Amino acid sequence: MTDAALESVCSAASSSQEGERRAINPATGAVATVWRPASTALVDTALSQAAQAQIAWAKVAPAERAALLRDVADAIDANAASFAHDDSKENGRLLRSLRHDDVPSAADLFRDAADRVQREKPMKECADDGVLIHRRVPHGVCVGIGAWNYPLVCAAAKMAPALACGNAMVFKPAPQTPSSAHRLGTLVRERLARRSSNLVHACSVLLGDDAVGQRLVCHPLVRFVSATGSVSTGQRIFANSAASLKRLVLELGGKSALIVLDDADIDIAVDVALHANFVAHGQLCTAASRLLVHRSRQREFSERFLERVRGLVVGPPDSAQSEIGPLVSEDHAQSVLAKVRAAVDRGANLVAGALKPVASQPTQSYLAPMVLDDVDASDPLLTQEIFGPVACILPLDDVDHAVDQANAVNYGLSAGVVGANVARATTIAQRLHAGVVWVNTYNEQPLAMAFGGMGWSGIGREGGDLGFAAYSEPQALFVGAPATPSEGFVP
Ligand code: NAD
């Protein structure tokens, strides 16, 4: 079998070839992976092969599709160490977090999609002159576009429901992190090939930069796109999908707020705030970088939060002691520092961290977690996504002020409320303009959760019933049973 899609990766090759790209390990500065972007011809070939394979794949019974997806889930578990290593060497995430969180989540996403497609039944009801059936049909060829912060989970969250529903999926990972999606694509394709060679192209992974993503999105054979990335990328994908009215799910950036109420248990609030800000070293779409703390509790919260933040261990991703690893690249670390430095120049007060990389580490990608206060409400640090380990503590006066402040951005991905009176905290949570709101916790994401954003943070949902439904279209089928043949056309 010639597998052009897989040939577009070369593992850490030594000789340099034209068109090669290098993914750099941000922890060490070494070359992690050498890869080649898919050519225009390969994009066209992969999509037309996908369209052919999808016709055959959609005919495979749901129970058999589900069995294949469960087999993929088992294979993810069996290759857990390799998957964790793929992502860690390319984005610098902590190995233990990838091994214990991301890899099991990716396997669970395949099992969940398998369960869902087996549960789905067409809805039939008798009408006056026949039978009305509501069923779901696959889109055809779907494209998935991934971001670099959760590469494996991102690929699994798009591939699994697409394949479960009988679509073909062509997935493009972020250029910084090609390896785990490529490994996942290989596992899926091996299993499709074992079933029938006609099916193998129902799943492809094409490597590439933004231009390859754009080619995929604009292609006329593609009917559905699910993309994870920044707001500006989402806007381009939205515009490029308009001409052919492609169905879209966009999972974009955020600028979340965590509200700490006057009755909050401060130890819980500090735990939640740490988790909300420094998972994945702050490179998290849900990062609650705006900590709105009731004035009556601000001093207490700040003291304990700062003590914990200053104690976080910055170190290499493979060390069991590390709590904050490197950011994805030195360039990204510099851009985070530049945004914080500009806010400090405008009068904000840096109370933890430093405006330079951690000197003791081997690359300039390691930043100590930063906390600021006295940030002006209109400062870009409070209105734009930073995507790094940066939190701001802001005072709040009362509940209405908290809600107004939390909702004062164009984003609407997530938010959190911490308070001892759970009913009150939940009522406040319901007033927040965010697709996901956590009360007394943060970043918990059960498989049943429909995850996604309002406003600039995206369109549609990923996961849960809503997320699964996005991968198929409803079809109403009316099967007529006239009692007697019609006697001609009666308008
Ligand atoms: P990015 O927008 O630079 O790139 C994301 C992906 O889009 C990459 O694969 C890129 O090659 C591709 N791309 C870029 N332009 C494209 C185009 N015109 N057409 C098609 N594809 C195109 O984002 P990033 O830096 O990789 O990731 C960080 C961003 O992702 C942050 O804003 C973060 O909040 C967001 N994110 C959101 C979620 C979520 O679930 N809402 C999850 C993770 C990351």
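Remember, predicted model here, so these are calculated numbers, not experimental data. Whatever order the structure lists them in is the order used to number ligands and atoms, beginning at 1.
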Would you check, one step at a time, whether the test salt bridge (Lys or Arg N to Asp or Glu O under 4.0 Å) holds for R111 with D77?
-> CA-CA 12 Å; R111 293 192 181 99; D77 286 339; 2.7 Å; yes

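- The nearest protein atom to atom 26 (O) of ligand 1, hydrogens excluded, is given as W148 CD1, 3.0 Å; this is a heavy-atom distance.
- The existence of a salt bridge linking D112 and R116 is confirmed by a sub-4.0 Å separation between a basic side-chain nitrogen and an acidic carboxylate oxygen.
- Here the protein heavy atom with the shortest distance to atom 16 (C) of ligand 1 is T233 CG2, 3.7 Å.
- Here the heavy atom of the protein found nearest to atom 20 (C) of ligand 1 is G213 C, 3.2 Å.
- For the pair R247 and Y471, the cation does not sit on the ring face, since its NZ or CZ is not both under 6.0 Å from the ring centre and inside 45° of the axis.
- At a 3.5 angstrom cut-off on N or O pairs, N149 does not count as close to ligand 1.
- Annotation: side-chain hydrogen bond (donor to acceptor under 3.5 Å, both in side chains) contacts involving residues 151-173, sequence neighbours excluded, comprise K158-S226, K158-T228, K158-E462.
- Note that NE2 of H100 and CG of L95 are 9.5 Å apart. Values are rounded to the nearest 0.5 Å.
- In this structure, atom 7 (O) of ligand 1 lies nearest to the protein heavy atom I145 CG2, 3.2 Å.
- For residues 214-235, the set of pairs meeting the salt bridge (Lys or Arg N to Asp or Glu O under 4.0 Å) definition, not counting sequence neighbours, is empty.
- At a heavy-atom cutoff of 4.0 Å, ligand 1 is contacted by the side chain of R236 but not by its backbone.
- From the protein, the heavy atom lying nearest to atom 32 (O) of ligand 1 is E385 OE1, 2.6 Å.
- Side-chain atoms of E330 come within 3.5 Å of backbone N or O of Q364 as a donor-acceptor pair.
- Here's the thing with T228: none of its N/O atoms is less than 3.5 angstrom from an N/O atom of ligand 1.
- Compare Y150, F171, F387 by their heavy atoms: the one nearest to atom 33 (C) of ligand 1 is in F387.
- Counting only heavy atoms of the protein, atom 27 (O) of ligand 1 lies nearest to A147 CB, 3.5 Å.
- Under a 4.0 Å criterion applied to the non-hydrogen atoms of P175, ligand 1 contributes the atoms 11 (O).
- Across L216, V436, N240, L252, heavy-atom proximity to atom 41 (N) of ligand 1 is greatest for L252.
- Contact annotation for Q283 and ligand 1: no heavy atom of the residue comes within less than 4.0 Å of the ligand.
- Counting heavy atoms under 4.0 Å from ligand 1, residue P173 touches it through the backbone alone.
- Each of the following atoms of ligand 1 lies closer than 4.0 Å to a heavy atom of I237: 19 (N), 20 (C), 21 (N).
- More than 12 heavy atoms of other residues, nucleotides or ligands sit less than 6.0 Å from atom NE2 of H219.
- Remark: among candidates G229, C285, A239, the nearest residue to atom 35 (C) of ligand 1 is G229, based on non-hydrogen atoms.
- Scanning all protein heavy atoms for the shortest distance to atom 23 (O) of ligand 1 gives S230 N, 3.6 Å.
- The aromatic ring centres of W438 and H275 sit 6.0 Å or more apart.
- With rounding to the nearest 0.5 Å, the separation of CG in L258 from CG in N277 is 8.0 Å.
- A donor and an acceptor atom, one from each side chain of S204 and Q49, are nowhere located under 3.5 Å apart.
- Listed by atom number, the atoms of ligand 1 under 4.0 Å from G253 heavy atoms are 32 (O), 34 (O).
- Exactly one of D318, D102, D87 qualifies for a salt bridge (Lys or Arg N to Asp or Glu O under 4.0 Å) with R93. That residue is D102.
- Taking distance alone, with nitrogen or oxygen atoms compared against 3.5 Å, D210 approaches ligand 1 more closely than that limit.
- Here the shortest heavy-atom distance to atom 9 (O) of ligand 1, taken over G453, G146, G435, belongs to G146.
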